[in-house]
Structures are given as structure tokens and as C-alpha cells.
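Below, each value reflects all heavy atoms present in this structure, side chains not excepted, and no hydrogens, waters or symmetry copies.
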Amino acid sequence: MKTINRIKSNEEFGVTVKTGKVLKESPYIIHYISNGLTYSRIGLSVSKKIGDAVTRNRIKRQVRAMCDSLFNYSSHTFDIVIVVKKEFLDQSFDNNKSSLNNLLSRIGTKE
């Protein structure tokens with residue numbers, strides 16, 4: 001994931017979570033809102049409840065790789081915050097990827 005396609009500031013996370021729409025599936029909660037840019041940005045949130053720093057960083061790397069393979073950043077104009085839940089650790093990579101694909105494909109269809 002390129003740096004331009006990441007949400008980094010706490011303010012942008014807050015706006016997306018508080019005012020955006022929500023989609024839920026077993027290992028994820030996705031908040032999204034239209035951003036008015038010509039590309040989409042994605043932010044990840046992994047709680048300390050899930051594990052130590054090594055585990056959380058591994059999860060973030062996996063989710064970024066999933067997003068790169070599943071999502072075309074230039075075809076939509078959304079800010080997306082992906083909250084990873086504890087169920088992520090109980091499922092296989094392929095199951096997590098298919099769940100994320102289901103959610104990302106639904107973005108924009110629930111307007």
C-alpha cells in the first residue's frame with residue numbers, strides 16, 4: 001500500500017469512524033465515508049487486546065497485502081477504516097481475505 005493511500009492522522013480516523021457508514025463481518029468492522037479526493041485511502045486499527053506489538057504488526061502487514069490485491073484505490077473515492085477483531089486470529093488467511101473481499105465489494109453499494 002502506497003503512503004498516499006493510507007489514513008494516518010487521528011483526526012481523519014475520528015471523522016471516518018464517527019460520521020461514516022459501517023459494514024460488519026466476522027473478523028472486521030469497516031467504517032467508510034466519501035473523501036472528495038480522486039483516490040481512496042485506508043486506515044487500519046488493531047487493538048492491544050488482540051496481542052503484543054509483533055502480532056499486531058503482522059496482522060497489519062497481512063491486511064495491507066490483502067487490500068492491495070483486492071482493492072483498486074483509484075476506482076473509488078472513500079476513506080476506509082478497517083478495525084480488526086480478535087476473530088482474525090482464529091481464521092485462516094484465505095478466510096480472512098474472502099471476508100475482507102466481501103466487505104470491500106459492498107462499499108458504495110449501501111448509499
Min side-chain heavy-atom separation Ser69-Lys97 under 4.5 Å: yes

For residues Leu37 and Leu104: do they belong to one hydrophobic cluster (side chain heavy atoms under 4.5 Å, members Ile, Leu, Val, Met, Phe, Trp, Tyr)? no

Quick check: does any side chain N or O of Thr19 sit under 3.5 Å from a backbone N or O of Thr16, one acting as donor and the other as acceptor? no

Distance-minimising heavy-atom pair for Ser26 and Gln91: OG-NE2, 3.1 Å

Is the backbone N or O of Lys49 less than 3.5 Å from a side-chain atom of Lys86, with the two atoms forming a donor-acceptor pair by type? yes

Between atom CG of Leu70 and atom CG of Leu103, what is the distance when rounded to the nearest 0.5 Å? 11.0 Å

Taking atom CG of Asp52 as the centre, report whether more than 12 heavy atoms of other residues, nucleotides or ligands fall under 6.0 Å from it. yes

Does some side-chain heavy atom of Asn35 sit less than 4.5 Å from a side-chain heavy atom of Phe78? no

Distance (rounded to the nearest 0.5 Å) between Asn57 CG and Leu44 CG: 11.0 Å

Any side-chain heavy atom of Phe88 within less than 4.5 Å of one from Val63? yes

Measure from the side-chain N and O atoms of Asp79 to the backbone N and O of Ile33, and report whether any donor-acceptor pair falls under 3.5 Å. no

Which value, rounded to the nearest 0.5 Å, describes the distance between Ile30 atom CD1 and Lys24 atom NZ? 12.5 Å

In terms of heavy-atom contacts, Ile80 and Ile7 come closest through O-CD1, 3.7 Å

Donor-acceptor under 3.5 Å (Tyr28 side chain, Asn96 main chain): yes

Taking the side chain as every heavy atom from C-beta outward, state whether Cys67 and Leu100 have any pair of such atoms under 4.5 Å apart. yes

With the side chain counted from C-beta on, respond yes when Val22 and Val17 share a heavy-atom pair under 4.5 Å apart, and no when they do not. no

Mind checking whether Ile29 and His31 have side chains closer than 4.5 Å, heavy atoms only? yes

For Leu23, is there any backbone N or O sitting under 3.5 Å from a side-chain donor or acceptor partner on Arg106? no

Could you check Ser34 against Thr77 for side-chain contact (heavy atoms from CB on, under 4.5 Å), going step by step and ending with a plain yes or no? CA-CA 6 Å; Ser34 182; Thr77 57; 4.2 Å; yes

Which atom names give the shortest non-hydrogen contact between Ile107 and Tyr32, and what distance separates them? CG2-CD1, 3.8 Å

Using a distance-only test with no angle check, is there a side-chain donor-acceptor pair under 3.5 angstrom linking Asp94 and Ser92? no

Distance in Å, Ser45 OG paired with Lys85 NZ, rounded so as to fall on 0.5 Å steps: 12.5 Å

Ser40 and Asn5 have their tightest heavy-atom pair at O-ND2, 2.9 Å

Taking the side chain as every heavy atom from C-beta outward, state whether Lys8 and Glu12 have any atom pair closer than 4.5 Å. no

Do the two ring centres, one from Tyr39 and one from Tyr73, sit under 6.0 Å apart? no

For Glu25 and Asn102, work out which heavy atoms get closest and say how close. OE2-ND2, 3.4 Å

When every non-hydrogen atom of Ile50 is compared with those of Leu89, the smallest separation belongs to O-CD1, 3.5 Å

